[in-house]
Amino acid sequence: MSNKIALITGGSRGFGKNTSLAMARQGVDVVLTYQSKQALAQETVDEIVALGRQAVALPLDVAKVSTFAVFAQQLQQALQVHWQTGQFDYLVNNACTGVHAPFAETTEQMFDDMVNIHLKSTFFLTQTLLPIMRDGGRIVNISSGLARFTLPGYSAYAAMKGGIEVLTRYMAKELGTRQIAVNTVAPGAIETDFGQGLVRDNKEVNAFIASQTALGRVGVPDDIGPMIASLLSENNRWVNAQRIEASGGMLI
């Protein structure tokens, strides 16, 4: 049986990187994408190889749907060269960025950026890659705790994540004929460089979030990556069309 292969967008940093490493520890090979920081992506590839798995990093700007067809060709070529196959098994639509602005001050450009980076990319990248995804595969789309609870300044970002949660259910319904399961993972606040490292580096923000979380601390990447890897494993093969929040019990 050939090795399982996961494609993880934005897999060179934050919990995308953590997920890449967790998949490798689970015995899965990884194709990860990066937008511009090739050296950082290569470091992640090297770490995966050190764990005994194969890995490749490919450039991808998820905000540019017009590039997806070419990316799919590059992915197929990488699969052939490194794995002698034309298909992969798992897709994690993780690549993202945030915007923090009051609703009344959110510009059309900010809103459009969120549409392109989050909602449109998840929809059309998955659509583009379906022909080279194996039947019986699994997809995880990344949402946010902010689609359930509200914090001022995240209206545009959270609206896209809400859209992803609805989209996930439709994808699960329509891809079920190919035995492809689709779920949403919604992290709470995590200590990464996301949003210029606000949660990680601002002590007041960090303390506030910890005070609003049942487990009494802010999340770290190690709280998310292994959970996503577990969701993609055969142990969770009957979980489908679900929203699973990993927030330590934030704002409950």
Side-chain angles (χ1 to χ4, degrees), residues 5-24 30-45 48 55-72 74-75 78 88 90-100 110-130 132-133 138-147 154 156-165 167-168 171 182-187 190 192-197 199 221 224-225 227-229 231-232 246:
I5 304 167
L7 172 63
I8 302 171
T9 66
S12 64
R13 46 182 280 272
F15 58 76
K17 175 179 179 176
N18 195 277
T19 301
S20 298
L21 295 172
M23 293 298 291
V30 178
V31 179
L32 60 94
T33 76
Y34 63 95
Q35 183 178 0
S36 58
K37 297 180 180 178
Q38 184 178 10
L40 205 60
Q42 187 58 47
E43 286 179 16
T44 304
V45 167
I48 292 169
V56 175
L58 298 176
L60 174 67
D61 186 346
V62 296
K64 296 179 179 178
V65 174
S66 62
T67 68
F68 289 176
V70 171
F71 172 76
Q74 293 171 338
L75 173 60
F88 70 102
Y90 309 123
L91 172 62
V92 181
N93 286 305
N94 166 73
C96 68
T97 188
V99 64
H100 184 267
M110 290 176 182
F111 187 89
D112 286 349
D113 287 345
M114 292 296 99
V115 171
N116 292 335
I117 293 167
H118 296 277
L119 191 54
K120 202 171 177 181
S121 70
T122 298
F123 192 109
F124 287 104
L125 183 62
T126 305
Q127 184 189 81
T128 302
L129 297 179
L130 278 177
I132 58 174
M133 189 170 189
R138 299 181 67 84
I139 299 171
V140 169
N141 298 324
I142 303 299
S143 180
S144 169
L146 288 163
Y154 293 101
Y157 172 80
M160 303 310 137
K161 294 305 192 181
I164 284 172
E165 294 184 7
L167 175 61
T168 293
M171 289 168 64
V182 190
N183 291 289
T184 299
V185 170
I190 307 295
T192 68
D193 60 2
F194 183 82
Q196 288 76 54
V199 173
I224 306 299
M227 179 264 180
I228 294 173
L231 185 58
L232 289 168

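Note that these values count all heavy atoms, side chains included, but never hydrogens, waters or copies made by symmetry. Quick caveat: nothing in here was measured; it's all calculated off a predicted structure.
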In this structure, CE of Met23 is separated from CD1 of Ile48 (nearest 0.5 Å) by 10.0 Å
Quiz item: Counting heavy atoms not belonging to Phe123, are there more than 12 under 6.0 Å from its CZ?
Solution: no
| Any donor-acceptor N/O pair, Ser144 side chain to Ala186 backbone, under 3.5 Å | no
One should read off an interatomic distance between Asn94 CG and Arg13 CZ, to the nearest 0.5 angstrom, of 8.5 Å
Open item on the list: Quick check: do Ile142 and Ile228 have side-chain heavy atoms less than 4.5 Å from each other?
Closed with: yes
*asked:* So does Phe68 get a backbone contact from the side chain of Thr128, meaning a donor-acceptor N/O pair under 3.5 Å?
replied: no
Nearest heavy-atom contact between Leu119 and Gly163 is CD1-C, 3.7 Å
To the nearest 0.5 Å, atom CD of Glu165 lies from atom CG of Asn183 at 11.5 Å
One should read off an interatomic distance between Phe71 CZ and Thr9 OG1, to the nearest 0.5 angstrom, of 8.5 Å
side-chain contact (heavy atoms from CB on, under 4.5 Å) for Val62 and Leu60? Distances and angles first, verdict last.
CA-CA 6 Å; Val62 296; Leu60 174 67; 3.8 Å; yes
Is there a side-chain contact between Leu232 and Val140, using heavy atoms and a 4.5 Å cut-off? yes
When every non-hydrogen atom of Phe15 is compared with those of Thr19, the smallest separation belongs to O-OG1, 2.6 Å
Given 3.5 Å as the limit, does a donor-acceptor pair link the side chain of Lys120 with the main chain of Ala63, or not? no
Looking only at heavy atoms, the pair that brings Leu58 and Val31 closest together is CD1-CG1, 3.9 Å
More than 12 heavy atoms from other groups under 6.0 Å of CD on Gln127 | yes
| said: Less than 4.5 Å apart, side chain to side chain, heavy atoms only: is that true for Leu7 and Thr33? | reply: yes
Problem - His118 side-chain N/O to Asp113 backbone N/O, donor-acceptor pair under 3.5 Å - result: no
For Thr67 and Asp61 the tightest heavy-atom approach is OG1-O, 4.0 Å
Rounding to 0.5 Å, atoms NZ (Lys161) and SG (Cys96) come to a distance of 4.5 Å
**Prompt:** Do the side-chain N and O atoms of Asn141 and Thr122 include a donor-acceptor pair separated by under 3.5 angstrom?
**Reply:** no
On a heavy-atom basis, the closest approach of Ile190 and Pro221 is CG2-N, 3.7 Å
Exercise. Could you walk me through whether Tyr157 and Leu146 pass the side-chain contact (heavy atoms from CB on, under 4.5 Å) check?
Worked result: CA-CA 8 Å; Tyr157 172 80; Leu146 288 163; 3.9 Å; yes
Do we see a donor-acceptor contact under 3.5 Å between the side chains of Thr126 and Asn93? yes
Rounding to 0.5 Å, atoms CD1 (Ile139) and CE (Met171) come to a distance of 4.0 Å
Nearest heavy-atom approach of Leu129 to Ala72 is CD2-CB, 3.9 Å
